[in-house]
*Asks:* 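Have a look at the structure that comes next, please.
All of these numbers come straight from a predicted model, not from anything done at the bench.
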Amino acid sequence: MIDARFRIRLPAGIWVDDVSRAAPDATFRLLSGIRTGDRAVELGETVAADPVAVGEAVAAHPSVTDYECLEATEERTLAKYETTDTVLYEFLDESALPPEFPLVVRDGWYEFDLTGTREEFDRFRAALEANGTEYELLSLTSSADDEGLVTDRQRELLDAALREGYFEVPRTCTLADLASEVGVDKSTASRILRRGQASVLSWYLTGLDANDGPPRKS
């Protein structure tokens, strides 16, 4: 699976783009939202030097048809509002990987996390590029169930190597010591360890499961 964080340029003209550009130091968090026909009802938080003034700018935007401030402090406001801007929800509907709430908006950009398979992730990026959407990939992490990633023998060698300090700099365990620890000869230990390391590195760097490649050997 892929865990990624994106930063995408907001479409010009929607309320959150207009207001966030006018208040570039403010942070808007869309905590939840739902589209109902040609409108969307959202719950949002604003953090700013003067959050009440920013909230008033939101309420005054032509596409915001209803605005209710639920809570206000010197640093933040929490509000429920209705808007005719539904571009975000059209994007969510079309995407195979819908962004996860909260969505964070700053100065005309929104950031969000998504989780999916590598194939879904690649299709998502391809769709962004095909639409000409300006975006930045802020982080990318591959995660997977490691069952089948390495053989039991490779896992035994890797665990022992880590435990005994084989990967430390300087090493506190030689290959001969490691072979003796697991009860194999030195050349066998070297072969198994190299293959185990190759499987782990391949998965880490490419995100591919061990089963995606050729059959593994011990």
Side-chain angles (χ1 to χ4, degrees), residues 1-9 27 29-32 45 47 91-106 109-130 133-218:
M1 297 294 287
I2 297 292
D3 294 311
R5 185 166 186 81
F6 276 88
R7 185 170 181 257
I8 291 183
R9 174 66 74 180
T27 298
R29 292 189 180 91
L30 176 56
L31 304 178
S32 67
E45 178 188 58
V47 178
F91 172 77
L92 295 180
D93 289 343
E94 294 172 359
S95 173
L97 287 174
E100 301 164 5
F101 291 106
L103 305 184
V104 178
V105 176
R106 298 184 184 92
W109 292 80
Y110 73 82
E111 299 178 10
F112 60 87
D113 298 311
L114 55 81
T115 302
T117 65
R118 177 165 290 275
E119 290 75 16
E120 290 171 330
F121 173 78
D122 288 341
R123 286 198 300 269
F124 181 80
R125 285 183 57 172
L128 290 177
E129 292 166 2
T133 303
E134 187 177 357
Y135 75 91
E136 297 176 12
L137 179 59
L138 301 179
S139 66
L140 177 67
T141 304
S142 296
S143 60
D145 184 348
D146 63 5
E147 183 179 354
L149 180 62
V150 294
T151 66
D152 291 342
R153 199 60 162 158
Q154 289 168 358
R155 178 183 293 279
E156 181 184 15
L157 262 293
L158 289 168
D159 285 346
L162 188 62
R163 183 177 64 251
E164 299 298 324
Y166 182 77
F167 298 123
E168 297 292 332
V169 180
R171 285 177 175 166
T172 58
C173 167
T174 66
L175 183 59
D177 294 334
L178 191 58
S180 177
E181 174 72 17
V182 298
V184 298
D185 60 66
K186 185 176 176 180
S187 63
T188 299
S190 177
R191 172 175 54 81
I192 295 173
L193 191 61
R194 286 200 310 272
R195 286 177 174 164
Q197 288 176 283
S199 293
V200 173
L201 285 172
S202 177
W203 167 78
Y204 180 79
L205 294 175
T206 68
L208 295 175
D209 292 340
N211 291 333
D212 292 336
R216 295 176 292 112
K217 299 178 181 178
S218 62

*Asks:* Could you check R194 against S190 for side chain to side chain donor-acceptor pair (under 3.5 Å), going step by step and ending with a plain yes or no?
*Replies:* CA-CA 6 Å; R194 286 200 310 272; S190 177; 2.7 Å; yes
*Asks:* Listed by chain and number, what are the side-chain contact (heavy atoms from CB on, under 4.5 Å) partners of S32, not counting sequence neighbours?
*Replies:*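 Here the qualifying residues are L43.
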*Asks:* Mind listing the closest non-hydrogen atom pair of L178 and A161 along with its distance?
*Replies:*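 Between these two residues, the closest heavy atoms are CD1-N, 3.4 Å.
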*Asks:* Please state whether the rings of F6 and F124 are parallel, tilted or perpendicular, taking 30° and 60° as the class boundaries.
*Replies:*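 The rings of F6 and F124 stand perpendicular, inter-plane angle above 60°.
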*Asks:* So, does R106 use its side chain to make a donor-acceptor pair with the main chain of T27 at under 3.5 Å?
*Replies:*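 Not a single qualifying donor-acceptor pair exists.
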*Asks:* So among L158, V184, L193, which one has a side chain to side chain contact (heavy atoms under 4.5 Å, CB included) with R153?
*Replies:*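 Testing R153 for a side chain to side chain contact (heavy atoms under 4.5 Å, CB included) against L158, V184, L193 leaves exactly one candidate, V184.
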*Asks:* Does some side-chain heavy atom of Y166 sit less than 4.5 Å from a side-chain heavy atom of E181?
*Replies:*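 When only atoms from C-beta onward are counted, Y166 and E181 do not touch, as no gap falls below 4.5 Å.
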*Asks:* Return the minimal non-hydrogen interatomic distance between F101 and L30, and the atom names on each side.
*Replies:*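 Residues F101 and L30, closest heavy atoms: CD2-O, 3.4 Å.
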*Asks:* Would you please test V47 and R29 for side-chain contact (heavy atoms from CB on, under 4.5 Å) and show each step?
*Replies:* CA-CA 8 Å; V47 178; R29 292 189 180 91; 3.5 Å; yes
*Asks:* Are any of the side-chain heavy atoms of E164 and D177 separated by less than 4.5 Å?
*Replies:*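 Of all side-chain heavy-atom pairs linking D177 with E164, none is under 4.5 Å.
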*Asks:* Is it true that a side-chain atom of E45 and a backbone atom of L31 form a donor plus acceptor pair closer than 3.5 Å?
*Replies:*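 No, E45 side chain to L31 backbone: no donor-acceptor pair under 3.5 Å.
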*Asks:* Can you give me the closest heavy-atom contact between L114 and F121, atom names plus distance?
*Replies:*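 So the two residues come closest at CD1-CD1, 4.2 Å.
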*Asks:* Let me confirm one number: the CD-CD1 distance from E111 to I8, rounded to the nearest 0.5 Å.
*Replies:*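 Atom-to-atom, E111:CD and I8:CD1 are 10.5 Å apart.
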